[in-house]
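The structure under discussion appears below in the form of structure tokens.
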Amino acid sequence: MAEEAEGGVPEEILSLWEREQAQLKARVVDRDTEEWQREPAFSGLRRVGGVDLSFVKGDCARACASLVVLSYPELEVLYEDNQLVSLSTPYVPGFLAFREVPFLRDAMQRLRDTKPSLVPQVLFVDGNGVLHPRGFGVACHLGILTDLPCIGVAKKLLQVDGLENNALHRERMQLLHAGGDSFPLMGESRTVLGMALRSHDRSTNPLYVSVGHKVSLQTAVRLTHSCCRFRIPEPVRQADIRSREHIRRTLGLPAAPEPAPKRSQKVHPKGNLEETLD
DNA sequence: GCGACAG
DNA sequence: ATCTTGTCGC
């Protein structure tokens, strides 16, 4: 009998996945490979991409995978692709890419086939790059499969290599005073795995930026900051908004149910920050 | 038993 | 990821 440890995924599959991550990891390039990356104002950079998946509420299988391309530095949407997909793989911490990356790779292939002039020069990915238990998060995975420069942007700190969201970490967060301020995430291995970044002036919670592929950490942080009108970098934010909207237009709107007995309720809002706002 | 667990 | 309102501040 197959032992199912994580999310109903047999140990044997997890072991295959780990081997795949290890093999692909050897191909990650963690330095700047493009001319525009070394330019003070990124001159030469014209198109930035973002990807995200949104999920159908009561459905663990259906989602919308979105790829958007924005102009740089204007950050106006030039292209969007929203695709309803059926997910076959559950979410297993540390193996996010095996759930999401196939659909994002497909979206990029559609763009290459139909509008090659709009292929982005860099891709922002919702999730980590090398800041990962095995140094190969979803941003690295997509970078290798597409051969594009990729930047990992996570909203929460993944506690790997001794990194902890503890009192010291929160102390350092409070020292980030202005948009663009950051501090390195140095693991026990004495390796810098990523940077905590205050993405703009009015945002307390940092982003966790790490290298995905074909970009240096310094460039990844500088470019992430320059793409933030709000807390979340505009390419990822637009992909998130448009994937949600696509679901709502396509499947949503449960046709105004009958006026149910209305009663006042007290709900404790969580720390919803301003990233939802336009 | 407790905490972690990208999305 | 998703469930979810009002409210405070500029």
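Just so it is clear: chains get the letters A, B, ... in the order the sequence lines come, proteins before strands, and each one is counted from 1. In this text the structure is predicted, and so the values were computed from the model without any measurement.
- Cation-pi geometry between A/R222 and A/F42 is satisfied (NZ or CZ under 6.0 Å from the ring centre, within 45° of the ring normal).
- Rounded to whole angstrom, the span from the NE2 atom of A/H132 across to the P atom of B/dA4 amounts to 19 Å.
- Using a 4.0 Å heavy-atom distance criterion, A/G58 is classed as making no nucleic acid contact.
- No contact: A/F98 has no heavy atom under 4.0 Å from any strand.
- In this structure, A/V138 reaches the bases: a heavy-atom distance under 4.0 Å links it to at least one base atom across the strands shown.
- A/R244 has a side-chain polar atom (N or O) that falls below the 4.0 Å cut-off from OP1 or OP2 of C/dT2.
- Residue A/N128 is classed as a base contact, given a heavy-atom separation below 4.0 Å to a base.
- Residues A/V9 and A/P90 share a closest heavy-atom pair of CG2-CG, 3.5 Å.
- Atom CZ in A/R62 sits roughly 16 Å away from atom C1' in C/dA1 (whole-Å rounding).
- With rounding to whole Å, A/L131 atom CG is found 11 Å from B/dA6 atom P.
- Residue A/R99 contributes atom CZ, which lies 18 Å from atom P of B/dC5 at whole-angstrom precision.
- Proximity of A/K155 to the phosphate of B/dG7: a side-chain N or O atom is located under 4.0 Å from OP1 or OP2.
- Remark: A/Y91 is in phosphate contact with B/dA6, judged by side-chain N or O atoms under 4.0 Å from OP1 or OP2.
- In terms of heavy atoms, A/E100 sits closest to A/L53 at CG-CD2, 4.0 Å.
- Across B/dA6, B/dC5, C/dT2, the shortest atom-to-atom separation from the side chain of A/F55 is found for C/dT2.
- For the pair A/R202 and A/F230, the cation does not sit on the ring face, since its NZ or CZ is not both under 6.0 Å from the ring centre and inside 45° of the axis.
- The separation between A/L185 atom CG and B/dA6 atom P is 15 Å, rounded to whole Å.
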